[in-house]
Every structure is written in C-alpha cells, then in structure tokens.
Amino acid sequence: MPTLTINGKEITVEPGTTVMRACEEMGIEVPHFCYHERLSIAGNCRMCLVEMEHSPKPIASCAMPAGDGMVIYTDTPEVKKAREGVMEFLLINHPLDCPICDQGGECDLQDQAIAYGTGKSRYQENKRAVKDKDIGPLVKTIMTRCIHCTRCVRFATEVAGIEELGALGRGEDMEITSYLERSLESELSGNIIDLCPVGALTSKPYAFTARSWELVKTETIDVMDALGSNIRLDARDNEVMRILPRLHEDVNEEWISDKTRFHYDGLGRRRLDRPYVKKQGKLQEASWSEAFEAIATKLNGLKGGELAGIIGDLADLESMYALKLLFRAVGSKRLECRQDGAAVEAGCRAGYLFNSTVAGIEEADLLLLVGANPRLEAAVLNARIRKGVREYGLKVARIGPAADLTYEVEDLGDEAALLADILSGHHAFSGRLMAAERPMVVLGAGALQRRDGAAIIGAVRRLADHFGLVGKDWNGFNVLHGAASRVGGLDLGLTSSGGIAAILDDAASGKAKVVFLMAADEFDMAKLKQAFVIYLGSHGDAGAEVADVVLPGAAYAEKDGLYINLEGRVQEGLRAIFPPGDARHDWTILRALSDVLDKPLPFDSFGELRAGLIADLPHLNQRDVAAAAKWGKFGSDKEPKAGGLGAVSSGYFLTNPIARASKILNEVQDLANGVPREATGTDG
C-alpha cells in the first residue's frame, strides 16, 4: 500500500486512493466543486490544486492517484495563489446574485469564495449570459450561474441511467442542457438540485418561498415506498417547505426519489381536519363525541366476525398496534394489512423480507427479477441495482413484462411456468443460477398480486432451496414491497384468511357489517356500499368518500412513529409539524374510542403504547439493523398457473393519498402520461 507525506505527516492508504481522499483521511480540507465521491472523476474545476514535490506545477488532487513516496503540500503560498486564481476565473461570468438566489446560505461557491478567494476581481469585460433551459416542472435552471462542474450530467448518466443532460459547445460557448430540450424523465432527477454546487439548478416548486436559516429541520423517515429512505423535513410556520435526503449508506446512500422529494405540498391539501358523520346520505361535520357515539351505536351487539379492518400503506407501527388491541378488545381478529392483495404470509419472516439487504445488492453476481419493476416500485433501490451492474458486474435477468430499468436486462419471457422450467434444470438459466456465487431473486408486485401469488412464492422458495440461494452468510430470496407499513403489519400478524378479497366479498354480502379503514384507499370501494365504514386517515381520498364516520388523523410528518423497511430495518420517524384543526394522532383517537366502547386500551401515553409494542415485538429494540431472519417454509406447494405476470401500475407518482393530493406530483404524472405542459395549467 502506498505511503505518502502530506504537510509533513506520513499516511498509508489503499491502492487507488486519490491524493484528495488521502488528505481527507488526515482531516485536511481540500476545496472542490466537480468532484463527488459517488460520481466518476471529471477533474475540470481545478479548485482542488495542491503542490507535489518535483512537479513543475500544481496537480489536481481529485484525479491524481496517491503514490508511494509522494510529498504533498496543501498550505503553501503557491497553492493559495493557485486557488485564488481558479476562484477568480470561476467568478468571471458568475452573476453574483446571492441576495435573490435560492442556494444562498447553502452554496458551495459562496462558502469557498469566502474561504479561498481574494474578494476582488480584475475582470472588467462584460459577463456572458446563458439562456435558461426548461427541463420540467421540478428543476429550475439559471444557467448563467453554471460553472460547468458536470455533476448533473454525470449523475443523470451514471446513477439515474438516463442520458438526458450533456454539454454542448466549447470554451465560453459551452452550455449544460438537455439534449432534446424536454422535461427530465428520470424518477431521480431532483437529486441534481442537491448535487449542484452553485445556484444553477434549484427546486422549481420551492423557488422564492423560504430561506434555509428560517426553517426548522427534522430528521425522519420517508413513507412513499417500502425502502424507508432517510430524509429531512424542513418546516416553517407548521408547513413543510421542502424535503431533502439524509445520508444512509445501507439504505438510500444520499439519494431520494422525486416522489419523496416533492410530495410535501400534499401534506396540507385535501386534509381531514374535523370529524364527520353521515346523515341523510351526506357527510356532515360533527364533534368527536358524536362521531364516537355513532361508532359505539353501530358496534353494539356486533359479533367479532362482523367487524373487519383494512390498514393502509402509510401507517406507523404504533397506530397499527393500537388498532390491533382495539379489535382484540371488541372480539375481532380480522385485520388485513395487504390492501393490494399481495400473497405474502405473516408466519415466516424470511418469506416477506428483502433478505439480501439493499447494500447486499453490491455483493450479488446474478439477479433474477420475478414480476418486479424496481424502477417504479422503489426507484432508489433500482439505482442501487444499476450501481451493481455498472461497478460490480452484476448480471440481471427477468421473468415478467418488458420495461426499461435503465440497465441491461436479459428477458427470459413473461410466463410464470418458466419458474418450473428453471427449477427442473431444463432452462438455460438453471446452469447460471447454479454457478453463481451470490445469486438473488426479487419478487415484485406483478408476482405477489396474482391470484396464484402464493404458488409463485412457493415456487421461488423451492428454487432458492434447490440452487443454494440461502446459506450461512447469504440469503438471496427477496420480496420487494411497495408499502411502508407492510413489513410492520406482517410482523404484527395483521393478516386474515382470504385476504382483502374475502373482506370485500363479506362486506358486499352483509356478513361483514362494519369495516374499519386505517387510511386504506388503494382498492375498489364499490363493495363497501352495504357496510358501515369507519375511516381514520389524514386525507379526503377514496376511503373517506364512502365512509359513514370520518376520524381525522395525523399524517406521517405530524407524529412520531416506528417503521420497518423492506429489509426488516427498524427506523424511527419524528414529528416535524402539528396536525391541522381537530385532527389527532391515530393512537389517541383509538384510545379515546376504546373508552366510549367501554373497552379501555392498556395505555394512557405514547410511551406506554410503545413499551407494550416492544414487549410484543422485542426485535424493535434493535434500531437501524437489518437482522437476518430464520429461513423456513412458506408459500404454496402448488405449481403456478400458466400466464404472464402483471405489470406494475404506470401511475408511479400517485400511489397514496398524500401523493394524490400533491399538485406538484399530479403535474409530473400528467407529463409522464403524455399530457402537454400547457394542459397542466403551468407556465413552465
């Protein structure tokens, strides 16, 4: 391993480490703009110049590999003069409009100009101006500020996998632009806002709404999908103003999807802020006591089997646990957390987790997707698969409908019977599975939601056993969930015989007289017309429209709560703002309702509720750990029926009540569906 001397001190680093990284390991700051540790090296800003002994001129430390015997200086007069010169050149054409720039206070150029610049310029000629580009409703461009670091270009090409940004022209005529001058199509496009070291790319919805120092910052967990990306909510005056990613190497690295980043305006729109009770066929405002009394009257004398509950995709563990205790108190066990009809079972934990873990994708050498479209089911996880393909040689094959996943995929066909062929060894892919050192299989919504989904799960489980996907230090069986509440609901055992289909059939026939919806809106409500429907949720969506009693709850940003992501990783979300109007935290509503029903629940505070939850699920004490689950038998032993696997819905941006309430995401979905920009009512 090379040993070099930096500012008089020796350090030994791994082969291939750059001089800049070696400096950082010693705690020495080297300024830079174009360099980013997750992107390829460009070496075009020259801000990271350092002095190297025996070199006739300063070197770009981001692009120079550390060599044995090197002597580096980062604090000499020559280095200081070089950095001042580079900064002076960078600011030659920069508009210096910091007072009106949304990047103000968070700008790398601003910070480094103060730390490494001279504070004056000798340039007297006219500055050049660059026309702004319209690249969609999410990213605002002020290209005169651009310093050509090309971070956005490299991200779009390397991480997002959609080559839609690039540099045209040379010298002072060079411009960063979308090649075809159209909206960005990647589900990860908003990350270029964070990557831009100047104010050339900013958030269009956030533009001119707040300053960074005005915002109260809360670190929490995303619920737009089951990945559990680590995010930060920035709020002012009880309103979330923007959402940014937090670094978590094992989950989302430092990326988030556009749905996660831009759904925040949906938190305040179409809100349920007071109770409602249906009278004479119409929902009318009511007091909490009136709403509770209406529920108590309906539940009076009801048998346990006549009460059923369906849990939505955004519920936290505490809310689900409180509802489970309430149902148990009134004599019903019929709670269902799989509102999409997925065939996963609650028994064997390894049968419904992403056992390889998200970070483990980088260790795999072969991946088989079965009815999965990770680009639409978990966009950030899809970027991790792409990383595995680009950097680690991961090979990907697919059984299911063809779709562009941004990396090379071998299509085996859209036929469930292929699983039997592979298992029998009659398919060419069988030999590749057997030869792979760390193979993975990922089951997606297209497989799980089929009527014979249990048979497909069983077939993949047998395939995992036969081809050695499960070993001492590796489990290649993975389920790709789309709902943030799913793994937590399965851990709590919130499944019922026959699933949601049986509940809806019983509601239509009158067997299930009362149906309790906990923010469950993602299914056909037509079969609930004969039942008495209680809806507890934050938004006026499909469930609230058919409800007889509406109880206004808190959205995820308005309450503390635990969530378990698809790996089985327990993470804690924190409250950033307060619920509007008379809306309350779900657990407090259920606790108050239990008193009216004369079935008081065994907790009086959030702390007592969480203590009871952890007592029932001791693994919740292990926070932020994706612990291995014990392998067992699950799924059906029947053979899957012939036929194609279902395609994931194309409505990627509108998969839950908060997203559907978001004006921003509705506009983006319209563009994805081909609706012209003019028809969306925006000015571009």
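Basis for what follows: all heavy atoms, side chains included, without hydrogens, waters or symmetry-related copies. Not measured: the values here are computed from a predicted model.
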Please set out all donor-acceptor pairs under 3.5 angstrom arising from side-chain atoms of residues 570-583, sequence neighbours excluded.
{"from": "Q571", "atom 1": "OE1", "to": "N230", "atom 2": "ND2", "distance (Å)": "2.9"}
{"from": "Q571", "atom 1": "NE2", "to": "G228", "atom 2": "O", "distance (Å)": "2.9"}
{"from": "E572", "atom 1": "OE1", "to": "R623", "atom 2": "NH1", "distance (Å)": "3.3"}
{"from": "E572", "atom 1": "OE2", "to": "R610", "atom 2": "NH1", "distance (Å)": "2.8"}

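Every residue was checked against the side-chain hydrogen bond (donor to acceptor under 3.5 Å, both in side chains) condition with S485, not counting sequence neighbours, and none meets it. Partners of D265 by salt bridge (charged side-chain N to carboxylate O under 4.0 Å, His left out), not counting sequence neighbours: none found. Remark: S509 engages no residue in a side-chain hydrogen bond (donor to acceptor under 3.5 Å, both in side chains) (not counting sequence neighbours). Residues satisfying the side-chain hydrogen bond (donor to acceptor under 3.5 Å, both in side chains) criterion with R271, sequence neighbours excluded, are E558.
The two residues G453 and A343 come nearest to each other via the heavy atoms C-CB, 3.5 Å. In this structure, V370 and A447 approach most closely via the heavy-atom pair O-CB, 3.6 Å. Of all heavy-atom pairs between A294 and V549, the closest is CB-CG2, 4.0 Å. A544 and D521 make their closest contact through N-OD1, 4.2 Å (heavy atoms, listed as atom of the first residue, atom of the second, distance). The shortest non-hydrogen separation linking E336 to I500 is CG-N, 3.8 Å. Contact between A459 and L419 at its shortest, heavy atoms only, is CB-CD1, 4.2 Å.
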*List the steps, then state whether salt bridge (charged side-chain N to carboxylate O under 4.0 Å, His left out) holds for R461 with D637.*
CA-CA 10 Å; R461 187 250 307 156; D637 289 330; 3.2 Å; yes
*Stepwise salt bridge (charged side-chain N to carboxylate O under 4.0 Å, His left out) check, R486 with D340*: CA-CA 10 Å; R486 187 62 47 82; D340 58 0; 3.2 Å; yes
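In this pair, W631 and F477 present their aromatic rings perpendicular. The plane angle is above 60°, beyond the 30 to 60° band. Between Y556 and H263, the two ring planes are tilted [angle within 30° to 60°].
The closest side-chain heavy-atom distance from Y652 to V668 is not below 4.5 Å. Residues L566 and V479 form no side-chain contact, since every pair of their non-hydrogen atoms from C-beta on lies 4.5 Å or further apart.
Residue pairs meeting the salt bridge (Lys or Arg N to Asp or Glu O under 4.0 Å) criterion with at least one partner in residues 279-297, sequence neighbours excluded, are R274-E285.
For the pair S356 (side chain) and N475 (backbone), a donor-acceptor distance under 3.5 Å is present. Side-chain atoms of N382 never come within 3.5 Å of backbone atoms of A378 as a donor-acceptor pair (strictly under, hydrogens ignored).
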